[in-house]
Amino acid sequence: MVDDVSRWRELAGGIVERRKPVESAAEDATQRLLGRVASLGARTDIAWRVLQVSPSDTDLLTALARREALPALTAGAQEGIRGLSDEAGRALTGVRALFGARRILSGKSRKEEAQQAAAYLLSLHERFTGVRLVPELEALATWDASTTPPVGPSAVLDERVGFAERLGVRAELLERHELEGARIAITAIDRALQRESEFRAAVSSAGNAVRKVEVRKLVAEMPVERLKDATSGQLRITALIDAGIRNVQQVLDQQARIRTLPGVGETTGNRMIGAAQTIRQTTMDDMPIRIDIRNRNQNTTNLLTKMRAWDAARSIRGATADLAAADSVRPLLKSLDSRTSHVVLIPEARSVAALRSALAAVEARGALLTGGNSTATPLRLSVESQVKP
């Protein structure tokens with residue numbers, strides 16, 4: 001009987017020693033994670049609370065999962081462990097007076113105490129064997145923390161981790177890629193608010209690129225005789241025709257050669273080239289932007305993209321709803337750590353659905369600014385466009 005109780009006491013001690021560090025590590029992990037929860041919104045009007053997690057949190061989450069994986073202690077097991085840890089220890093020490101040399105050397109009072117200890121141990125033995133506490137303790141003693149698999153950030157709200165209940169109901173998890181588009185869009189929105197003039201200049205440059213292509217085509221169709229018109233008939237173009245130069249564009253392309261043609265010379269050559277440049281500039285000034293929707297090239301595509309971005313930049317100041325959405329999620333998106341893989345969202349004054357809507361609005365507005373949305377709203381620009389039939 002004494003040997004049985006001694007073994008059970010060791011069993012109970014082993015259970016406590018295994019569970020204590022698991023529970024301690026889990027509580028430490030809980031406090032560390034809760035300490036990183038940040039609030040979004042004004043101090044008196046918190047919209048959401050957020051927790052950023054990453055693969056580096058695997059040890060913390062695994063510690064929480066180990067606590068959840070601990071076998072539950074029944075009321076009987078808890079009482080039995082307490083009894084074996086405290087009273088049984090004193091009884092096992094006291095009962096020694098009934099054995100060996102101590103039985104002879106012990107005084108009457110010690111023997112009486114030993115008999116009381118023996119009675120307690122006998123009662124304890126009968127109680128443990130009567131309610132089958134021993135098999136329960138033996139099962140608890142076999143649990144091994146190392147059998148709990150590692151837990152990554154994607155499982156932070158899983159039941160097997162047990163952390164969600166510490167955050168309150170309705171917490172949701174977002175993956176990093178769900179935020180990345182809005183994060184990039186926030187940068188585009190801020191840039192658009194500050195640099196609208198650059199968007200306008202980009203449209204002008206892209207438009208000129210389209211016009212230059214069209215001007216080159218037209219000038220290449222103009223006979224070289226047009227140089228005489230540009231100089232009130234003062235130029236003789238026979239040398240150009242003899243050299244195989246038939247149109248105004250060829251004059252512009254072969255400037256160095258023209259100056260060395262027989263009978264031309266530096267001065268006359270410069271006048272010819274100047275006349276060609278005047279024709280080209282006049283044509284450029286009168287040339288509207290032509291966009292063939294059914295036959296778009298790289299230049300026209302680039303122009304449309306720049307126009308869309310400028311239009312979106314000009315209109316964003318009036319897009320109060322989108323700007324409000326950007327303001328609401330900017331703290332989260334700006335604070336994203338490079339290591340963050342998931343974000344836990346805890347609703348406060350606003351729902352998680354509202355945050356998702358704000359993210360979508362920001363991303364859509366950012367797509368307009370960067371030209372990433374082919375279905376953008378119609379352009380409201382003072383650029384003359386002609387579409388070929």
Side-chain angles (χ1 to χ4, degrees), residues 1-37 51-96 117-118 120-169 171 173 342 344 346:
M1 180 265 294
V2 172
D3 289 342
D4 284 345
V5 174
S6 295
R7 182 175 66 84
W8 299 343
R9 187 169 185 272
E10 290 180 3
L11 204 61
I15 292 170
V16 172
E17 288 303 312
R18 284 188 179 90
R19 296 177 72 93
K20 186 175 180 180
V22 171
E23 292 171 343
S24 176
E27 187 56 31
D28 177 68
T30 298
Q31 295 307 316
R32 289 173 63 181
L33 290 172
L34 289 176
R36 285 161 40 191
V37 174
L51 170 65
Q52 300 184 39
V53 290
S54 70
S56 63
D57 292 315
T58 295
D59 288 346
L60 297 180
L61 298 175
T62 302
L64 293 174
R66 285 185 179 134
R67 178 170 61 183
E68 289 300 303
L70 280 171
L73 291 177
T74 64
Q78 293 181 47
E79 182 182 353
I81 290 173
R82 283 196 299 269
L84 289 169
S85 299
D86 301 325
E87 298 176 22
R90 291 190 293 271
L92 287 170
T93 300
V95 82
R96 292 174 183 172
Y120 172 78
L121 292 175
L122 180 59
S123 172
L124 185 67
H125 189 277
E126 291 176 348
R127 178 158 56 91
F128 267 58
T129 54
V131 295
R132 297 188 57 78
L133 268 177
V134 176
E136 184 176 353
L137 294 179
E138 290 174 339
L140 289 171
T142 62
W143 183 81
D144 185 355
S146 64
T147 60
T148 303
V151 177
S154 62
V156 62
L157 297 181
D158 287 4
E159 288 186 9
R160 63 189 174 105
V161 176
F163 184 62
E165 62 189 32
R166 297 296 296 269
L167 298 174
V169 295
L173 189 65
H342 297 76
V344 179
I346 307 108

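None of these values were measured; they are calculated from a predicted model.
- A donor-acceptor pair under 3.5 Å links the side-chain atoms of Thr30 to the main chain of Ala26, judged by distance alone.
- Atom-to-atom distance recorded for Thr147:OG1 and Arg66:CZ is 8.5 Å, nearest 0.5 angstrom.
- Here the straight-line distance linking atom CZ of Arg32 with atom CG of Asp59 works out to 9.0 Å at 0.5 Å rounding.
- Salt-bridge formation is detected for the pair Asp57/Arg36: a Lys NZ or Arg NE/NH1/NH2 atom is positioned less than 4.0 Å from an Asp or Glu carboxylate oxygen.
- Contact between Ile346 and Ala171 at its shortest, heavy atoms only, is CG1-CB, 4.2 Å.
- Using a 4.5 Å heavy-atom threshold, the side chains of Phe163 and Asp158 count as separate.
- With Thr62 contributing its side chain and Val151 its backbone, the two residues share a donor-acceptor pair below 3.5 Å.
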Any chance you could lay out the side-chain contact (heavy atoms from CB on, under 4.5 Å) test for Glu159 and Glu68, step after step, and finish with the verdict? CA-CA 8 Å; Glu159 288 186 9; Glu68 289 300 303; over 6 Å; no
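- Taking all atoms of both residues into account, the shortest heavy-atom contact from Pro153 to Val53 is CB-CG2, 3.8 Å.
- Note: Leu157 CG to His342 NE2 = 10.0 Å, rounded to the nearest 0.5 Å.
- A donor-acceptor contact shorter than 3.5 Å links the side chain of Arg19 to the backbone of Pro71.
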side-chain contact (heavy atoms from CB on, under 4.5 Å) between Arg160 and Leu64, worked out: CA-CA 8 Å; Arg160 63 189 174 105; Leu64 293 174; over 6 Å; no
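- Shortest non-hydrogen contact noted between Gly162 and Glu165 is O-CG, 3.4 Å.
- In this structure, the side chains of Val37 and Val344 stay at 4.5 Å or more apart for every pair of heavy atoms.
- Minimum interatomic distance between Ala155 and Val161 (heavy atoms only, all atoms of both residues): O-CG2, 3.2 Å.
- Smallest separation of non-hydrogen atoms from Thr58 and Gly152: OG1-CA, 4.1 Å.
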Any chance you could lay out the side-chain contact (heavy atoms from CB on, under 4.5 Å) test for Trp143 and Val22, step after step, and finish with the verdict? CA-CA 12 Å; Trp143 183 81; Val22 171; 4.0 Å; yes
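- Proximity of Leu34 to Arg166: side-chain heavy atoms (C-beta onward) are separated by under 4.5 Å at one or more points.
- By the 4.5 Å heavy-atom criterion applied to side chains, Arg67 and Glu27 are counted as neighbours.
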For Glu23 and Leu70, run side-chain contact (heavy atoms from CB on, under 4.5 Å): C-alpha distance rounded to whole Å, both residues' side-chain angles, the deciding distance at 0.1 Å, then the answer. CA-CA 9 Å; Glu23 292 171 343; Leu70 280 171; 3.8 Å; yes
